[in-house]
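These values consider heavy atoms only, across backbone and side chains, with no hydrogens, waters or symmetry-generated copies. Letters A, B, ... are given to chains in the order of the sequence lines, protein chains preceding strands, and every chain is numbered from 1.
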Number of protein chains: 2
Amino acid sequence: MGITKTEIFSEEQNKLAVLLKAIAHPARIAILQEIIKANACICGDLVNELGLAQATISQHLKELKNAGLIQGTIEGVSVCYCIHSENWRLLENQLGHFFASYRGPSSCC
Amino acid sequence: MGITKTEIFSEEQNKLAVLLKAIAHPARIAILQEIIKANACICGDLVNELGLAQATISQHLKELKNAGLIQGTIEGVSVCYCIHSENWRLLENQLGHFFASYRGPSSCC
DNA sequence: ATTATCTATCGTAATTTTGCGATATAATAG
DNA sequence: CTATTATATCGCAAAATTACGATAGATAAT
């Protein structure tokens, strides 16, 4: 099929999957790391830093923006991207809880 | 294209992306939550719990196993799956550092 | 106004993902 | 040995993802 059966899962499971999918690509991980490293936001610099075409970078940025992980403000001709701090912290917490919910090895395996 | 350009990214970025992709699906999130909840490992119970076909569940389990997030041991006719505690903690830490590397909002945006 | 620069979008092609029926494999039961 | 049960694999179809050239839109510079 190629279509995920979202109806049978909880809202929380679906939302977490969407956010994780947004990060689950080396280019988008690299973009996020660059944005974090530059602290002040960068923009088309990403095209120079990473070895991807401008259209590709723009598309990845759009996906990260759609997921709410980054936000962009127009700065003259260029666009300044930075982390959406609130959503970033929310995901950080949600993932923290998800991983911490596992409490050590069990009897079998 | 449809092919990710892994050559231009670091080993760390690629590996993290692979692990995140493994979790970035509601069915696999649900499977992991079930395994964690059952503490002692379950197996084909997942087919009953989630509303997916046996072949589909088996495929998701395979992906989680390939990513090293779970492990399965044969228990008679059935297979017992559980969290791979070491790899689980490794990913937990890696993600923790990734999210914590962001240190609050910047000047622009 | 014209030009240059930066970013977004469109269209397309290759590839991957998702889901499942059908079937194969493996282990236990009778 | 045969039947039963549990899981894995195969093959397929639909859909989503990835990447990029071409192009459009918007802003600044001359």
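Between B:T56 and C:dC20, a side-chain N or O to OP1/OP2 separation shorter than 4.0 Å is present. Of the side-chain N and O atoms in B:T4, none sit less than 4.0 angstrom from OP1 or OP2 of D:dT18.
A heavy atom closer than 4.0 Å to some atom of DNA chain C occurs in no member of residues 5-15 of chain B. Contacts between residues 59-75 of chain B and DNA chain D, defined by a heavy-atom separation under 4.0 Å, are made by B:K62. Of the residues in residues 24-31 of chain B, B:H25, B:R28 come within less than 4.0 Å of DNA chain C through at least one heavy atom, sorted by number.
Contact annotation for B:I57: no contact, since no heavy-atom pair falls under 4.0 Å across all strands. Using a 4.0 Å heavy-atom distance criterion, B:A53 is classed as a sugar-phosphate-only contact.
Put simply, CG on B:L52 is 11 Å from P on C:dG21, counting in whole angstrom units. Look at CG on B:L46: it is 11 Å from P on D:dA8, rounded to the nearest Å.
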Quick one: side chains of residues 95-105 of chain B, donor-acceptor pairs under 3.5 Å with protein atoms, not counting sequence neighbours, listed by atom name and distance.
{"residue": "B:H97", "atom": "ND1", "partner": "B:N93", "partner atom": "O", "Å": "3.3"}
{"residue": "B:S101", "atom": "OG", "partner": "B:F98", "partner atom": "O", "Å": "2.6"}
{"residue": "B:Y102", "atom": "OH", "partner": "B:G104", "partner atom": "O", "Å": "3.3"}

Compile the donor-acceptor pairs under 3.5 Å between side chains in residues 51-60 of chain A and protein atoms, sequence neighbours left out, one pair per line.
{"residue": "A:H60", "atom": "ND1", "partner": "A:R28", "partner atom": "NH1", "Å": "3.0"}

Report task. Start with the C-alpha distance between A:Q94 and A:E12, add both sets of side-chain angles, then the distance that settles side chain to side chain contact (heavy atoms under 4.5 Å, CB included), and finish with yes or no. Result -> CA-CA 10 Å; A:Q94 201 179 355; A:E12 199 187 339; 3.7 Å; yes
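With sequence neighbours excluded, the residues that form a side-chain contact (heavy atoms from CB on, under 4.5 Å) with A:A30 are A:L50, B:F9, B:Q13. The side-chain contact (heavy atoms from CB on, under 4.5 Å) test applied to B:N87 returns B:H84, B:L90, not counting sequence neighbours.
The stretch residues 85-95 of chain A participates, sequence neighbours left out, in these salt bridge (charged side-chain N to carboxylate O under 4.0 Å, His left out) pairs: A:R89-A:E92. Sorted by first and then second residue, the side-chain hydrogen bond (donor to acceptor under 3.5 Å, both in side chains) pairs with a member in residues 65-79 of chain A form an empty list; sequence neighbours excluded.
Residues A:K37 and A:E34 are paired through a salt bridge, judged by an N-O separation under 4.0 Å between the basic side chain and the carboxylate.
With a 6.0 Å radius and a threshold of 12 heavy atoms from other residues, nucleotides or ligands, B:I74 has its CD1 atom at or below the threshold.
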List, with names and distances, any nitrogen or oxygen atoms from the protein found under 3.5 Å away from nitrogen or oxygen atoms belonging to nucleotides 1-7 of chain C.
{"residue": "C:dT7", "atom": "OP1", "partner": "A:G44", "partner atom": "N", "Å": "3.2"}
{"residue": "C:dT7", "atom": "OP1", "partner": "A:V79", "partner atom": "N", "Å": "3.2"}
{"residue": "C:dT7", "atom": "OP2", "partner": "A:G44", "partner atom": "N", "Å": "3.4"}

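Taking 4.5 Å as the limit, every side-chain heavy atom of B:I83 sits out of range of all side-chain heavy atoms of B:L69. The shortest side-chain heavy-atom distance between B:I23 and A:L16 does not fall under the 4.5 Å cut-off. Using a 4.5 Å cut-off on side-chain heavy atoms (C-beta onward), A:Y81 and A:L61 make contact. In this structure, A:I35 and A:I70 have side chains that are in contact, with non-hydrogen atoms separated by less than 4.5 Å.
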